[in-house]
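Note that ligands are numbered from 1 as they come in the structure, with each ligand's atoms numbered from 1 the same way. Positions are given from 1 along the sequence.
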Amino acid sequence: MKRLAVCGSTGSIGVSTLDVVLRNRSRYEIFALTAHSNVDKLAAQCRLWRPRFAVMSDESAAMRLAAVLSTEGVETRVLAGASGLVQVAMHPDVDYVMAAIVGGAGLMPSIAAARSGKRILLANKEALVMAGRLFMDAVREGGAELLPIDSEHNAIFQCLPALNSDRGERGVSRILLTGSGGPFRARKPESLHDVTPDEACAHPNWSMGRKISVDSATMMNKGLEVIEACRLFDVDPGSVEVVVHPQSVVHSMVEYGDGSVLAQLGNPDMRTPIAHALAWPDRIASGVAPLDLVSTSRLDFEAPDFDRFPCLRLGFEVAEAGGAAPAALNAANEVAVDAFLNRRLRFTRIARVAEATVAACAGEGPGTLDDVLDLDRRARARAAEFVRAMSS
Ligand code: NAD
Ligand code: MG
């Protein structure tokens, strides 16, 4: 029995994780569930799973949850705030931590899990983009296991000979990161000026939270994933190529020097990478339907259009620049996407806010986690200024 803390259990990845665990109840026990402020949803999950801990990062929501659970006789202990998240992520009785909080809020619990040597199932790419090497150092020094949940990175992990092996000797020449191109792949750039949050969130293949859905529409998601791949697999951005693949069936590929290209295929359903990372190196049932290649019938591939998707170009530039740029990019994007979702910023200005913030925050890379948090705060403040200037 492995004991699991699901950070971000009420979100899209969190719910898919619980679905996979439900199918494999003899292997996994839910030890902790966490959410930001959705009391009703976390209460329902606690009734079903009876975890030892539930954490709400919003303090008043935590008080409401505790009241609900105690009147119903559910013995789950409720913790509050960022410290509660860290406490469950590093708890000695926890084996696996699903890192599925969206955005920078997920950084500290993941670092705590890394330092305490847990198996980390990493969906929260923003944390890795922000903290970069410091995150990977914490994993190594803590003796943790880092398994990627992001479908592309999980696919690459499956196609690589072994994580952290010497790829030079093993002959890996390139990583081919696929992306669907999102809902606006074929739209004229001029027509993107007036898109609404709901249009941007209507992804053709994947059902996801709203922030990552907007990232997919701008292709900032793919830009962040280039940085994520460089960190996870210790490669240069020059050996990562983005290939647009509208069907989202090939989840990514690894090219070897002898001409072989290994790909991982499957229906676009996050329960596959979740099940893979939970059970690795075994395989368990995920509930995902088998891939029907005959009815899929065709797989298309095309080069990305960097003019239509400036966020993707920026992702490569930032990966190349390193230093303060990745954390600044992530912070600016979170601020800009939030402004777009709240109708304070036009869709096409997300890229401009990100670009201006990266330029304004250029500098040395953070040397400590406090530096990361400080850089993140400064970049968010600058991005908010750019949002105000560009929203008028
Ligand atoms: P979501 O918005 O559906 O869920 C986010 C979860 O985080 C919720 O449980 C929410 O309560 C919690 N949360 C939000 N703000 C918080 C805060 N300030 N403090 C603590 N908890 C907070 O998002 P999602 O689509 O499940 O994505 C989660 C992460 O996984 C993101 O980093 C995303 O990039 C990554 N990811 C998601 C998918 C997908 O298919 N959904 C695929 C690849 C990677
Ligand atoms: Mg992805």
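- Ligand 1 has no nitrogen or oxygen under 3.5 angstrom from a nitrogen or oxygen of Trp206.
- Between Phe157 and His276, the two ring planes are perpendicular [angle over 60°; tilted spans 30° to 60°].
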inquiry  = If you apply the rule side-chain contact (heavy atoms from CB on, under 4.5 Å), what do you find for Val102 with Ile13, and how did you get there?
reply    = CA-CA 10 Å; Val102 60; Ile13 293 286; over 6 Å; no
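- Atom OD1 is the N/O/S atom of Asp150 found closest to the Mg ion (ligand 2).
- Counting the atoms of ligand 1 from 1 in the order shown, those under 4.0 Å from a heavy atom of Ala35 are 11 (O).
- Considering backbone and side-chain N/O atoms, Leu85 never comes within less than 3.5 Å of an N/O atom of ligand 1.
- If you number the atoms of ligand 1 from 1 as listed, the ones under 4.0 Å from a heavy atom of Thr10 come out as 8 (C), 9 (O), 10 (C), 11 (O).
- With a heavy-atom cut-off of 4.0 Å, Glu126 touches ligand 1 through its side chain alone.
- Note: angle at the Mg ion (ligand 2), from OE2 of Glu225 to OE1 of Glu152, is 100° (rounded to 10 degrees).
- At least one cation-pi condition fails for Arg3 and Trp49: the charged atom is not both under 6.0 angstrom from the six-membered ring centre and inside a 45 degree cone around its axis.
- Summarising the geometry, atom CE belonging to Met98 is positioned 11.0 Å from atom CG belonging to Asn124; distances are rounded to the nearest 0.5 Å.
- Applying the 4.0 Å criterion to heavy atoms of Asn124 picks out, from ligand 1, the atoms 32 (O).
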